[in-house]
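Worksheet: the structure to be examined is printed underneath.
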Amino acid sequence: MRFEFATATQIVFGAGTRAEVGKLVRPWGRRALIVTGQSTARAEPLRETLRAAGVTAECFPVAGEPAVADIQRGVARAREFGAEMLLGFGGGGAIDAAKAIAGLLTNPGDPLDYLEVVGAGKPLTCPALPWMAIPTTAGTGAEVTRNAVLSVPERNVKVSLRSPHLLARIALVDPELTLDLPPSLTASTGFDALTQLLEAYVCSRTNPMTDALCAAGLPRVAGALPRAFRDGHDLAARTDMALASLWSGIALANAGLGAVHGFAGAIGGRFSAPHGAVCAALLAPVMAANLGALRARAPQHPSLARYADVARWLTGRAEATADEGVVWVAAQHAAMALPKLAALGVAAADFPEVVAQAQQASSMKANPVVLTADELAAVLAAA
């Protein structure tokens with residue numbers, strides 16, 4: 001057995017830990033660019049914390065999920081400001097943008113020189129500018145991943161800028177920052193964490209360390225996500241979700257994902273649909289398709305037993321079957337009123353191009369079984 005494992009240099013987790021940001025980054029310098037979501041208002045307390053530590057900070061907003069042009073603008077702004085460090089403060093989009101900007105500040109060229117699939121795919125050779133990830137949602141785990149997902153509008157796709165050099169120097173996870181998430185965002189981001197834990201556990205690149213995180217994270221999500229959806233101020237539920245999201249990021253970065261995320265890149269690039277909502281719509285149909293394909297073509301495959309593990313963890317029932325895990329996921333999707341793909345803009349006429357793009361996605365390569373084009377189209381129809 002051989003595997004590798006890498007994550008952020010330092011992880012700081014706990015309610016109230018955002019107050020420690022200033023002292024943590026002070027050794028990096030005195031000028032920080034804070035990459036936020038569309039609104040910079042939530043970052044004002046963070047700016048005050050940094051100012052008290054002698055660090056001058058400015059905000060750089062990125063609306064929605066980042067595109068190549070956002071990274072180019074961010075690199076230019078960071079250089080103009082003289083940034084000595086970056087902080088990604090927000091959801092996965094803001095964190096991925098900070099990650100990519102930090103990497104491009106120290107490596108020459110354009111994002112397309114380094115992007116997978118549609119770019120030149122060159123490796124980053126220099127460590128990124130020091131940066132800290134501070135998530136304000138519990139879903140993407142982007143604070144501990146080595147890839148930044150960027151949209152390339154002219155190619156209608158989302159792909160990754162990927163390198164060990166992009167791992168954060170510090171990932172600071174404060175569950176209190178998620179207390180004001182509305183139910184819809186709680187559900188979609190929470191489903192992203194659920195999907196990442198599940199796909200990392202059943203994929204073709206599992207290892208004992210990621211298995212342990214998934215085995216701990218899946219039952220935690222099963223118990224906490226419905227509670228956080230019903231009561232956003234349930235700090236215990238928010239803490240469990242923040243921890244599960246963190247573990248999901250570590251798991252996907254060190255194992256792999258699968259068809260849900262293979263589709264999500266293609267769909268997100270073409271329709272500007274929220275990533276978590278796309279994953280939520282696809283998860284149960286992909287689970288069902290994988291189970292059917294494995295039973296038909298690889299009945300001894302170890303992922304079949306892993307899907308049964310997943311069902312037991314999600315339902316809390318020791319006798320649950322793999323199919324009951326699919327039922328549980330579908331029921332939660334319905335209970336949280338999450339949209340189907342049609343509501344996100346995907347029509348049957350789009351299926352052939354979406355399938356073709358998804359088949360080329362890096363995430364699809366770790367799916368536990370190769371799904372045919374017809375099986376993939378059937379997943380889209382079911383979703």
Side-chain angles (χ1 to χ4, degrees), residues 4-12 24-25 28 32-36 60 62 65-79 83-135 139-152 158-173 192 196 200 210 245-257 261 265 275 361-363:
E4 296 183 14
F5 192 90
T7 191
T9 303
Q10 181 179 2
I11 296 172
V12 179
L24 288 168
V25 303
W28 299 347
L33 187 70
I34 304 172
V35 182
T36 71
F60 177 75
V62 175
E65 295 171 355
V68 168
D70 294 313
I71 306 310
Q72 294 166 328
R73 291 190 302 107
V75 169
R77 182 68 191 100
R79 286 181 174 147
E84 297 171 278
M85 69 189 81
L86 272 82
L87 286 79
F89 180 82
I95 291 173
D96 275 358
K99 189 183 305 182
I101 294 167
L104 269 294
L105 280 168
T106 57
N107 288 271
D110 185 84
L112 284 169
D113 293 333
Y114 304 100
L115 279 178
E116 298 176 347
V117 184
V118 299
K122 296 195 309 185
L124 295 175
T125 58
C126 298
L129 198 72
W131 76 282
M132 173 187 279
I134 309 172
T140 68
E143 65 271 18
V144 284
T145 62
R146 68 188 86 187
N147 67 303
V149 180
L150 307 179
S151 67
V152 187
K158 291 198 305 184
V159 292
S160 282
L161 174 67
R162 190 185 309 271
S163 171
H165 289 310
L166 296 181
L167 286 165
R169 295 278 186 95
I170 301 174
L172 186 142
V173 184
D192 193 12
Q196 289 168 177
T210 57
S245 177
L246 174 72
W247 288 344
S248 79
I250 296 172
L252 77 88
N254 289 282
L257 289 167
H261 278 82
H275 175 76
S362 57
S363 292

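Taking NE2 from H261 and OG from S363, the interatomic distance works out to 6.5 Å, rounded to the nearest 0.5 Å. Put simply, NZ on K122 and OH on Y114 are 5.0 Å apart, with the number rounded to the nearest 0.5 Å. How far CG of L257 is from CG of L252: 5.0 Å, rounded to the nearest 0.5 Å. Residue T7 holds its OG1 atom at 4.0 Å from CD1 of I250, rounded to the nearest 0.5 Å. Between I95 atom CD1 and T145 atom OG1 the span is 8.5 Å, to the nearest 0.5 Å. Atoms CD and OG, on E65 and S151 in that order, are 7.5 Å from each other to the nearest 0.5 Å.
Residues meeting the side-chain hydrogen bond (donor to acceptor under 3.5 Å, both in side chains) test with R169, sequence neighbours left out: none. Residues passing the side chain to side chain contact (heavy atoms under 4.5 Å, CB included) test with Q72, sequence neighbours excluded: V68, A69, D110, P111. With sequence neighbours excluded, the residues forming a salt bridge (charged side-chain N to carboxylate O under 4.0 Å, His left out) with E116 are R162, listed by chain and number.
The closest donor-acceptor contact from the side chain of E143 to the backbone of A168 lies at 3.5 Å or more, if one exists at all. The backbone N or O of V149 sits less than 3.5 Å from a side-chain atom of D96, completing a donor-acceptor pair. With hydrogens and angles ignored, the 3.5 Å screen pairs a side-chain donor or acceptor of N107 with a backbone N or O of C126. No donor-acceptor pair under 3.5 Å is formed between the side chain of K99 and the backbone N or O of A133. Proximity of a side-chain donor or acceptor of W131 to a complementary backbone N or O of G103 within less than 3.5 Å is not detected. Checked by atom type and distance alone, the side chain of T210 never pairs as donor or acceptor with a backbone atom of A251 at under 3.5 Å. Judged by distance alone, the side chain of T106 and the main-chain N or O of P127 form a donor-acceptor pair under 3.5 Å. Of the possible polar contacts, none joining the R77 side chain to the F60 backbone as a donor-acceptor pair under 3.5 Å is found.
Here the side chains of V35 and I101 are in contact, with some heavy-atom distance below 4.5 Å. Proximity of I71 to L150: side-chain heavy atoms (C-beta onward) are separated by under 4.5 Å at one or more points. Taking 4.5 Å as the limit, some side-chain heavy atom of R79 sits within range of a side-chain heavy atom of L105. Two residues are said to be in side-chain contact when any heavy atoms from C-beta on lie closer than 4.5 Å; W28 and E84 fail this criterion. Using a 4.5 Å heavy-atom cutoff, the side chains of V12 and I170 are in contact. Looking at S160 and L115, their side chains never come closer than 4.5 Å, going by heavy atoms from C-beta outward. Annotation: side chain of M132 is in contact with side chain of L24 (closest heavy-atom distance under 4.5 Å). Counting heavy atoms from C-beta on, the side chains of V62 and T36 never come closer than 4.5 Å.
Between F89 and A94, the shortest heavy-atom contact is O-CB, 3.8 Å. Of all heavy-atom pairs spanning A253 and V144, the tightest one is CB-O, 4.1 Å.
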Residue pair L129, L86: steps toward the side chain to side chain contact (heavy atoms under 4.5 Å, CB included) verdict:
CA-CA 7 Å; L129 198 72; L86 272 82; 3.4 Å; yes
Could you go through the side chain to side chain contact (heavy atoms under 4.5 Å, CB included) check for L87 and M85 one step at a time?
CA-CA 7 Å; L87 286 79; M85 69 189 81; 4.1 Å; yes
